[in-house]
Protein chains: 2
Amino acid sequence: MGTRQEISELPPEADLARADSLAREIFSDIANKWALLIIEFVGQRTMRFSELRDAIGGISHKMLTQNLRTLERNGLIVRKVHATVPPRVEYTLTEAGAALRTVVDGMCGWTQEHLAHIEASRREFPS
Amino acid sequence: MGTRQEISELPPEADLARADSLAREIFSDIANKWALLIIEFVGQRTMRFSELRDAIGGISHKMLTQNLRTLERNGLIVRKVHATVPPRVEYTLTEAGAALRTVVDGMCGWTQEHLAHIEASRREFPS
DNA sequence: CTGTATCCGCATTGATACTG
DNA sequence: CAGTATCAATGCGGATACAG
């Protein structure tokens, strides 16, 4: 197995080096605002389709459906349909999704912490 | 200032609740694959324009320029022009950019760790 | 309520050419 | 080498209608 260093020193972006790698494709799948916002909000608690729509705000019916499907396909959320009328569909994070959520939390936290810095930077930037 | 709890218990996504908030706008600015990939690669070391282009791969000249400007405007990277001929332009992360990089690292790490899970999930998903 | 399908405008993106 | 500008095309994303 070699030394411990050889294993642990792999940089986190190692597999993202090639543009055509699977890692890159997956990265592109999740690195967009709708996907990340969905992860963040569903992470708060299990939510229904319309609850999610209202919570996120500004997302169209179509984009929400589309992103939910992609997330489900990648195993980040589970979709549970209750056979009632009217139908009730609930979305929950999987373990993998929850793990990603901690990362997204970090991103949300970063945004809050650097709001002032960013605003200042924008004002000084020569338009 | 009140109790410590009142301050620390704010959820990381607090300011992202409204779709028209500044936090949301900034979140949207950085939550896209090119911006995050640039942060990740520039975070490895200071890089020139063409180095970055080659390192990332699959990004067009125009998109790279465009995203670099947005990142600069938001104070995440600094652009240093060396008055030589031919010109030499180097990009480096600011402190804020470096802070974001640790988050992006987490995202890269997450991608690597869950590659197998995602592949498996995709195979089982009814296309 | 939730989901699928369609249409269509507009923004994003790439290719190309030109400047410093 | 790095950047800007322009043009054309693709596809994202919204609105709408309809089905289960």
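The sequence lines fix the lettering, A, B, ..., with proteins before strands; numbering per chain opens at 1.
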Please tabulate, for the side chains in residues 34-47 of chain A, all donor-acceptor contacts under 3.5 angstrom to protein atoms that are two or more places apart in sequence or on a different chain.
unit_1: A/E40; atom_1: OE2; unit_2: A/R101; atom_2: NH2; d: 3.4
unit_1: A/Q44; atom_1: NE2; unit_2: B/E13; atom_2: OE2; d: 3.2
unit_1: A/T46; atom_1: OG1; unit_2: A/T92; atom_2: OG1; d: 3.1

I'd like to check B/L52 versus B/L68 (side-chain heavy atoms, cut-off strictly below 4.5 Å). Are they in contact? yes
Quick test of your reading of the model: are B/R24 and B/D29 salt-bridged, counting only N-O distances below 4.0 Å? no
For DNA chain D, which residues of residues 21-36 of chain B approach it to below 4.0 angstrom with any heavy atom? none
All side chain to side chain donor-acceptor pair (under 3.5 Å) counterparts of A/H117, not counting sequence neighbours: none
Does a side-chain heavy-atom distance below 4.5 Å link A/L115 with B/I26? yes
Would you please test B/E90 and B/R88 for salt bridge (Lys or Arg N to Asp or Glu O under 4.0 Å) and show each step? CA-CA 7 Å; B/E90 294 184 326; B/R88 177 185 187 86; 3.5 Å; yes
Which whole-number value in Å describes the distance from B/R69 CZ to D/dA5 P? 11 Å
Between D/dA2 atom C1' and B/L68 atom CG, what is the distance in whole Å? 11 Å
Just to be sure I understand the geometry, which residues of residues 50-61 of chain B put a non-hydrogen atom under 4.0 Å away from DNA chain D? B/S50, B/H61
Going by number, which of residues 71-91 of chain B have a non-hydrogen atom under 4.0 Å from DNA chain D? B/R79, B/P86, B/P87, B/V89, B/Y91
Take A/E119 and B/R73 through the salt bridge (Lys or Arg N to Asp or Glu O under 4.0 Å) test and state the conclusion after the steps. CA-CA 9 Å; A/E119 280 193 280; B/R73 189 175 98 89; over 6 Å; no
Hey, are the side chains of A/S60 and A/M63 touching, using non-hydrogen atoms and a 4.5 Å cut-off? yes
B/L64 CG to D/dT4 C1', in whole Å, measures 14 Å
Quick one: is D/dA2 close enough that its OP1 or OP2 comes under 4.0 Å of any side-chain N or O from B/R48? yes
Locate the shortest heavy-atom distance separating A/R69 from B/F125; write the atom from each residue and the value. O-CZ, 4.3 Å
Find out if a path of hydrophobic residues (ILVMFWY) with successive side-chain heavy-atom gaps under 4.5 Å connects B/F49 to B/V85. no
In the 5'-to-3' direction, what one-character label does each nucleotide of nucleotides 7-12 of chain C receive under the scheme B = base within less than 4.0 Å of a protein heavy atom, S = sugar-phosphate only, - = no such atom? B-----
Do B/L64 and B/V89 share a hydrophobic cluster, counting only Ile, Leu, Val, Met, Phe, Trp and Tyr and linking them when any side-chain heavy atoms are less than 4.5 Å apart? yes
Can you confirm whether B/N74 sits close enough to A/R122 that some side-chain heavy atom of one is under 4.5 Å from a side-chain heavy atom of the other? yes
Ignoring hydrogens, what is the shortest heavy-atom contact between A/L16 and A/A23? Give both atom names and the distance. CD1-CB, 3.7 Å
